[in-house]
Amino acid sequence: MSADKKMENFNRFWKQTRLPVIFQRKRPAPLLIRLPYAADNKTWLRNNEKNKPSWDKLNGAWEVPQAWLERAIRLSFSRYGACYVIQLYKEKEVCAPACWNALGADCEFSCMGANHSTGRPNGRWYEISDTFAVLWGVQRYSVRLLTSPNPALNPTRIPQTA
């Protein structure tokens, strides 16, 4: 997928106005929280905490400490029943020296034969044992829709697009 297409998908979630969007940027940057408009958003988001949210005019969102992630999700559940969370993750590939050094064609690892009989594939593999090795990929942003575990708070129709 092209970088332009990825940004378009990211913007689709960021710009929708029906549910909160919590953007966990790379540490130590604060969280950005974009909320559907309500006159009491700052007070509601603060929720009697010592720190006050600050408005980020450039991004059109509230800035709050990274430590507020879980609290912001729960607050979103209480008022909206759901929220979008955008955060970094690393892809993981699992394989093993047993695969790399195999002589036959049969491969039962998650590489689906891509590393089979290669001796040792490229990358920084962490070898745990002869039957397990892990390669962590690059960090990428992921968008997840989280819904309240309380069925009474779940919205009947979750918007998927802006």
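The first residue in the sequence is number 1, and the count goes up from there. All values reported here derive from a predicted model rather than from experimental measurement.
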Out of curiosity, [X] [atom1] to [Y] [atom2], how far, rounded to the nearest 0.5 Å?
{"X": "C95", "Y": "W100", "atom1": "SG", "atom2": "CH2", "answer": "6.5 Å"}
{"X": "S78", "Y": "N47", "atom1": "OG", "atom2": "CG", "answer": "8.0 Å"}
{"X": "K42", "Y": "L35", "atom1": "NZ", "atom2": "CG", "answer": "13.0 Å"}
{"X": "L31", "Y": "Q24", "atom1": "CG", "atom2": "CD", "answer": "6.0 Å"}

Verify whether one side chain among R25 and Q87 offers a donor that lies under 3.5 Å from an acceptor in the other.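 Note: R25 and Q87 side chains miss the donor-acceptor criterion.
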Do the side chains of D40 and R46 get close enough for a salt bridge, i.e. N-O under 4.0 angstrom? no
Regarding K52 and E63, does a basic nitrogen lie under 4.0 Å from an acidic carboxylate oxygen?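 No salt bridge links K52 with E63.
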Does the ring of W44 carry R79 above it, NZ/CZ under 6.0 angstrom from centre and within 45° of its axis?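 Ring-cation test returns yes.
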Would you name the heavy atoms of [X] and [Y] that are closest together and state the gap between them?
{"X": "N51", "Y": "P65", "result": "ND2-CG, 3.7 Å"}
{"X": "Y80", "Y": "P20", "result": "CD1-CG, 3.3 Å"}
{"X": "F77", "Y": "L146", "result": "CE2-O, 3.5 Å"}
{"X": "L145", "Y": "A82", "result": "CD1-CB, 4.2 Å"}

Pair L32-W62, side-chain contact (heavy atoms from CB on, under 4.5 Å): steps then yes or no: CA-CA 5 Å; L32 285 178; W62 295 100; over 6 Å; no
I'd like to know if the side chain of [X] reaches the main chain of [Y], judged simply by a donor and an acceptor atom lying under 3.5 Å from each other, with no hydrogens or angles considered.
{"X": "R27", "Y": "Q66", "value": "no"}
{"X": "R34", "Y": "W14", "value": "yes"}
{"X": "N59", "Y": "A61", "value": "no"}

Close side-chain approach of T17 to P36, heavy-atom, < 4.5 Å: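 T17 does not reach P36 side chain to side chain.
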Less than 4.5 Å apart, side chain to side chain, heavy atoms only: is that true for I86 and V21? yes
So which of T147, I22, L19, I33 actually passes side-chain contact (heavy atoms from CB on, under 4.5 Å) with C83? I22
Let me see the working for F23 and Y84 under ring pair (Phe, Tyr, Trp, His ring centres under 6.0 Å), right down to the final yes or no. CA-CA 8 Å; F23 181 20; Y84 289 105; over 10 Å; no
Check whether more than 12 heavy atoms from other residues, nucleotides or ligands sit under 6.0 Å from atom CZ of R74, and answer yes or no. no
Go through the structure and list residues passing ring pair (Phe, Tyr, Trp, His ring centres under 6.0 Å) with W68, not counting sequence neighbours.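 Ring pair (Phe, Tyr, Trp, His ring centres under 6.0 Å) list for W68, sorted by chain: empty.
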side-chain contact (heavy atoms from CB on, under 4.5 Å) between Q16 and R12, worked out: CA-CA 6 Å; Q16 62 79 38; R12 185 180 88 198; over 6 Å; no
